[in-house]
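Shown next, in structure tokens, is the structure this report addresses.
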Amino acid sequence: MPDNTVSAPITRDDAYFRLRQEVEEFYYDEASALDERRFDEWLECLHEDILYFMPMRFNVKFGQHAERENTTADEGMSWFNEDKWTLKKRVEQILTGVHYAEEPLSRVSHLITNVQVKQASPSAADAQEIKTSCRFFVYQNRVEHETYNYVGRRYDTLVRENGRFQVIRREIILEQNILLAKALTTFF
Amino acid sequence: MDKNIFGDTDLDAGVVDRKIFVDEEIYQRELETVFTRAWLFVGHQSQIPNPGDFFTSRMGEESVILVRDKKDEIHVFLNSCRHRGMKVCRYDSGNTSLFTCPYHAWTYSTDGKVRGIPQYKDLYEGVLDREKWGLIEVAQLVNYKGAVFATWDKDAPDFETYMGDALMHLDMALDCRDGRPGGSEVIGVHRWVLPTNWKYTAENFLGDSYHNPSHRSVDLIGIGPSGRAGVKGRRDGELETATHVWINFPQGHGVHSAVQPSFGNYTPPASDDPEIGEYFRECHRLRQERLGEESRLLPFTGNFFPNTGYHGGQPRGLVVWHPHGVDKTEGWRFFLVDADAPKSVKDYLRKFYMRYSGPAGMTEQDDMENWLYASKSCKGVIARRNPFNYQLSKDASQQNPTVNGIQIRGRVTTQMTEHMARGYYRRWQDYVNDADWDTLLGKHDPRHNVVQAAE
């Protein structure tokens, strides 16, 4: 499974900026599919072998952040540590119409920003696999007065399949310690 | 205490006044009378394996530190400097030889003793007795099969007396799947804030099986351990052929367990993975060998008074519902596996736990929705003139009956019931009324002392 470590800084040439625009468009399409509740279309943005991961975050002593700040995908509990099957189940659950934590549906907007391509292989001009980072602000309003703001970073690995990108690894870093929401019913 | 503090609550009639879930005065009383006296779950020894290891936890609204000192002894301290109250530890866990207050730099060693007070000789010598100003420690602590419980009340009965006959149900959550006592470890802790009164969540875990319809969405799509094999439901059918038992204990605890009719009726989880399935089958075989007939008793869920809930198998763990203001609860869910289980089994289980449990869990998300809007209703003026109905299976329980050949101790029904909740709130009223320990243990409750008395 590819991870989000990057070997060397990418050169910011014309090919880089064209690639970044393509990635931004991909992210905006993906966000629209979620916010407009086209969940099945959103699933198509995800590779069959996706790892969709949101760690829990800890308050740790200075100097221990790299080792101990976040839970890892390989062991223990996290908020999300899923594959495509589980994500499909989550969509299926919403579509039952009796998933009461999303019935009636929440109003959600995904703002995706600070998009950068960190690595492209074999090259930015011919990008088959890329690593990106971005920030998200996900606003959720539920039923009447319930409002949640999720802010954080996302580290993705995208692969080109049949000409279009799909997410094969997504690490979602929510900037919270104790989760300040009653339920994570939205996707990131 | 004014009896009317409980409003129209009448547990003999099976009604509970909505005010108990929103009333500020009751909430303050609870903090003073329930959470300073009852045994509370703090953490697990596997979270602090080495001397100097600590885990920051809670008791009631207050932050506490679970720590293993340099001599390997486990302590629980209030996380508050004795000088001006600043937290002496703001890390979630770690290893240390000292807790240093960031404010005036008083320091404490891992056994809670004062280690250093700046300029002590010049400013305090002869006045401040360092022996008296160590970290505030709980009055009693027990390491029960790895689970650390503590109480602030030196007069509280010992933990096993406090648990009574409910203890064997806690055992089923803590013991190895093959029946060896203890041997579990915590593999992670979910912590999140729910906008609901803490008693809603505790009550739900007492064995409110009646809320099953709220989980219809996961039952329809199938997310259980064997969900990938197309098995529907949110759990595998381990208990399908068992007789379910709903038990209320005199101390206020409540559980929902189940008794297999015979040895042959057990279906292990994990039918989608031959290797994992085989592991569970073997565990089950060994458990039968070790425990004999008693092994037909299987765990499901429960809540130990006041706020330590558990799931015994699918998923498996303890959960503490910490009061966090009258209308907020902090859920801390400690997930358990056998420490010596193979990695493949731990991976299989933790992935099921994650899709099932807590705020990201497909099953429990729907609980959170219900707890929020149900508890909010209790604020309404008109709503509060109309108490809640707690009459489910009223007068249907028996004392210590034999179920499928095994005696089940406690007040028991074999049908869905709210008698655990009724019993829970009886004890809860006793705590709020600051009753003596005999009363808190249910020794004066006729329902638990007269065989076949009406519930």
Side-chain angles (χ1 to χ4, degrees), chain A residues 52-62 64 67-69 71-83 85-104 106 142-146 148 172 174 176-188, chain B residues 56 89-96 186-196 213-223 227-228 317 324 328-335 337 343 346-347 350-351 353-355 357-373 376:
Chain A
Y52 180 90
F53 176 60
M54 184 194 278
M56 293 189 284
R57 317 279 310 278
F58 301 121
N59 297 303
V60 298
K61 200 171 168 57
F62 186 82
Q64 299 180 349
E67 270 173 51
R68 301 189 56 237
E69 186 180 21
T71 54
T72 66
D74 300 331
E75 57 177 18
M77 300 294 292
S78 292
W79 291 127
F80 294 105
N81 188 349
E82 331 226 302
D83 58 9
W85 178 80
T86 316
L87 291 166
K88 279 182 187 163
K89 283 288 162 191
R90 288 185 186 276
V91 167
E92 216 181 299
Q93 186 185 20
I94 292 170
L95 301 182
T96 62
V98 288
H99 175 26
Y100 299 108
E102 271 302 323
E103 179 59 36
S106 299
R142 171 129 203 81
V143 190
E144 291 170 320
H145 305 110
E146 260 187 282
Y148 303 99
I172 305 145
L174 182 65
Q176 292 183 15
N177 172 250
I178 286 173
L179 184 71
L180 302 175
K182 80 182 202 295
L184 293 167
T185 55
T186 187
F187 299 103
F188 292 89
Chain B
T56 308
C89 181
R90 287 167 301 142
Y91 306 121
D92 294 319
S93 67
N95 183 282
T96 191
V186 167
I187 54 164
V189 186
H190 277 168
R191 300 177 302 152
W192 77 108
V193 179
L194 310 69
T196 188
S214 70
H215 296 305
R216 184 161 158 72
S217 65
V218 271
D219 286 341
L220 283 170
I221 63 170
I223 64 149
R228 270 166 223 273
H324 194 72
K328 281 202 181 69
T329 299
E330 224 173 73
W332 287 42
R333 221 169 190 314
F334 297 71
F335 294 93
V337 296
K343 176 151 171 50
K346 290 183 185 177
D347 283 343
R350 72 192 174 97
K351 292 206 170 155
Y353 297 171
M354 278 186 268
R355 67 179 181 263
S357 314
M362 285 185 260
T363 302
E364 294 183 354
Q365 290 181 345
D366 290 332
D367 289 320
M368 255 67 87
E369 187 82 358
N370 285 317
W371 295 334
L372 163 56
Y373 289 100
K376 238 187 175 104

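Predicted model, so just to flag it, every value in this text is computed and none were measured. In what follows, chains are A, B, ... by sequence order, proteins preceding strands, each numbered from 1.
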Against chain B, label [X] side chain, backbone, both or neither, depending on which of its atoms sit under 4.5 Å from a heavy atom there.
X	result
A/Ser78	both
A/Val98	both
A/Asp83	side chain

Between A/Gln93 and B/Ser217, do the side chains contain an N or O donor and an N or O acceptor separated by less than 3.5 Å? yes
Have B/Tyr373 and A/Glu146 got a donor and an acceptor in their side chains that come within less than 3.5 Å? yes
Whether A/Asn59 side chain and B/Asp92 backbone form a donor-acceptor pair below 3.5 Å: no
Heavy-atom count check: over 12 atoms from other residues, nucleotides or ligands less than 6.0 Å from B/Lys376 NZ? no
Side chain to side chain, B/Met354 and A/Phe80, heavy atoms closer than 4.5 Å: no
Is the closest basic N to carboxylate O distance between A/Arg142 and B/Glu369 below 4.0 Å? yes
Please lay out, stage by stage, how A/Lys182 and B/Val193 fare under the test side chain to side chain contact (heavy atoms under 4.5 Å, CB included). CA-CA 6 Å; A/Lys182 80 182 202 295; B/Val193 179; over 6 Å; no
Please look at B/Ile221 and chain A and tell me whether the side chain, the backbone, both or neither of the residue comes under 4.5 angstrom of a heavy atom of that chain. both
Can you tell me which of B/Arg355, B/Lys346, B/Arg228, B/Met368 forms the most heavy-atom pairs within a distance under 4.5 Å of chain A? B/Arg228
